[in-house]
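Positions are given from 1, in the same order as the sequence printed here. Counting starts at 1 for both ligands and their atoms, in listed order.
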Amino acid sequence: MTVDLDSRAREVMQDNDLGNYTVPTKGLYPYQWNWDSAFCALGFNTYSEDRAWLEIETLFASQWQSGFVPHIIFHKQDPNYFPGPDVWQSNTSPECTGITQPPVSASMILALWKSGDKRANKARLQAIFPKLVACHRWFYRTRDPLNKGLVLTVHPWETGRDNSPEWDAAARRIDTSEVGTYQRKDITHVNKDMRPLDEEYDRYITLLKFGRATQWDHDRIAKESPFKVIDVCMTMILSRADHDLMLLAEELGEAAIVEELKTRIALTRNNINYLWDDQLKAFCSKDLISGLPSGHITSASFLAFYADVGSQEQREYLLAHLDRIASKVKYLIPSLDPESDRFDSMRYWRGPVWSVVNYLAALGLKECGQSVWAQRILDDTRALVKESGFYEAFCPLTGAGTGGDHFTWTAAIWLYWLDI
Ligand code: DGY
């Protein structure tokens with residue numbers, strides 16, 4: 001069974017491999033996505049170190065002078081995706097989007113570095129290291145408006161968790177009256193009930209047009225965007241990535257950068273209570289414009305362990321939530337608390353389980369001494385893939401696959417984490 005799944009996972013990765021980058025899945029997502037590529041490198045690394053490094057190198061070849069790394073790189077036109085390069089109008093070559101995604105790359109490079117041939121990979125590490133540093137500095141310069149080491153997002157697509165209810169209240173404020181007409185393509189590839197709603201798409205496109213009108217001036221966007229949320233997931237991921245980048249800096253003897261990153265890690269740690277919702281007893285995102293917490297427990301709430309933040313008491317509350325949630329679903333971790341009235345077990349980020357978030361959450365739990373929970377999450381994720389294959393995400397109640405099939409990051413997570 002496992003041998004068969006191994007070869008199927010490799011097949012998925014090979015089918016989606018376009019030479020020096022990989023698409024998440026043909027049809028639905030036919031370009032290079034930022035955090036998908038970083039996770040995908042883990043899968044490649046199980047059979048080709050060279051190809052693993054190349055994936056992230058290709059992503060960073062599209063980094064802007066400012067350090068910003070785009071969320072999609074449009075290496076070549078594909079008429080099956082909307083909104084494509086003609087809509088984003090980045091004026092770059094290759095064309096790309098003007099928003100970013102959760103910065104997991106430094107953590108994935110550390111994983112490649114630790115498991116690989118250090119002599120062979122040293123020059124590659126030296127080449128990508130300054131780019132990773134520039135990317136992290138971009139976040140602190142452009143996306144830390146409170147100077148607290150907490151990440152601002154200006155578009156739900158940046159968060160990777162497009163239609164999480166965490167954005168509902170903040171996004172409802174966006175005036176979509178000028179959105180115009182457009183044709184969604186995503187629902188020609190997968191069932192509409194598994195995707196965001198039309199009204200959410202109107203907001204995505206309105207925000208895109210807002211950014212485009214500034215000619216992707218990131219300073220202006222961060223100040224003037226009608227959608228400004230401090231994202232719990234991006235914050236946890238950046239802080240962990242700071243830590244992992246710091247380990248790489250130590251390897252390279254970059255003492256000043258080690259100190260810079262230590263300061264940043266401490267900054268987030270000291271300010272993480274800004275994202276603690278004391279009514280909910282959990283970490284969640286916060287609308288910067290209204291000052292209100294989202295009020296939703298999501299799988300990202302449990303990334304506190306991955307980022308190694310939060311007090312002992314806060315961690316105990318989180319574990320109690322995990323315990324409660326585990327009693328309501330068959331498979332952990334649903335992307336939304338199943339007791340929420342917005343829980344929708346098959347709809348994208350409003351309920352389904354995502355293998356990559358499970359991987360990060362389990363890694364954090366294990367490192368914090370919660371091996372039983374880490375193992376439970378690993379077992380559940382493995383069972384989902386065994387039962388349903390390499391879907392984009394899975395129903396936490398039945399295990400059915402949801403979203404796109406033949407999905408790169410699920411295959412990569414199988415090869416790297418689940419196949420043991
Ligand atoms: C989409 O097109 O659905 C993507 O999630 C945007 O990143």
Closest to atom 2 (O) of ligand 1 (judged by heavy-atom distance), picking from Y81, W157, Y29: Y81
Any Y204 heavy atom less than 4.0 Å from ligand 1: no
Close approach, Y348 and ligand 1, non-hydrogen under 4.0 angstrom: yes
Close side-chain approach of I128 and W113, heavy atoms under 4.5 Å: no
R240 vs I237 side-chain heavy atoms within contact, under 4.5 Å: no
Geometric N/O contact Q101 with ligand 1, under 3.5 angstrom: no
contact_flag Y31 ligand 1 heavy-atom lt 4.0 Å: no
Row check, F227 ring normal vs R203 NZ/CZ: under 6.0 Å, within 45°: no
Heavy-atom nearest neighbour in the protein, as seen from atom 7 (O) of ligand 1, with distance rounded to 0.1 Å: H71 NE2, 2.8 Å
Under-4.0 Å salt bridge between R376 and D379: no
Which segment of H189 sits under 4.0 Å of ligand 1 when only heavy atoms are counted: neither
R161 with E166: basic N within carboxylate O range, under 4.0 Å: yes
Side chains of S239 and R269 in contact at under 4.5 Å (non-hydrogen atoms): no
For atom 3 (O) of ligand 1, the protein heavy atom that lies nearest, with its residue and separation: R195 NH2, 2.7 Å
Carboxylate-amine/guanidinium contact D15 K26, below 4.0 Å: no
Geometric N/O contact D162 with ligand 1, under 3.5 angstrom: yes
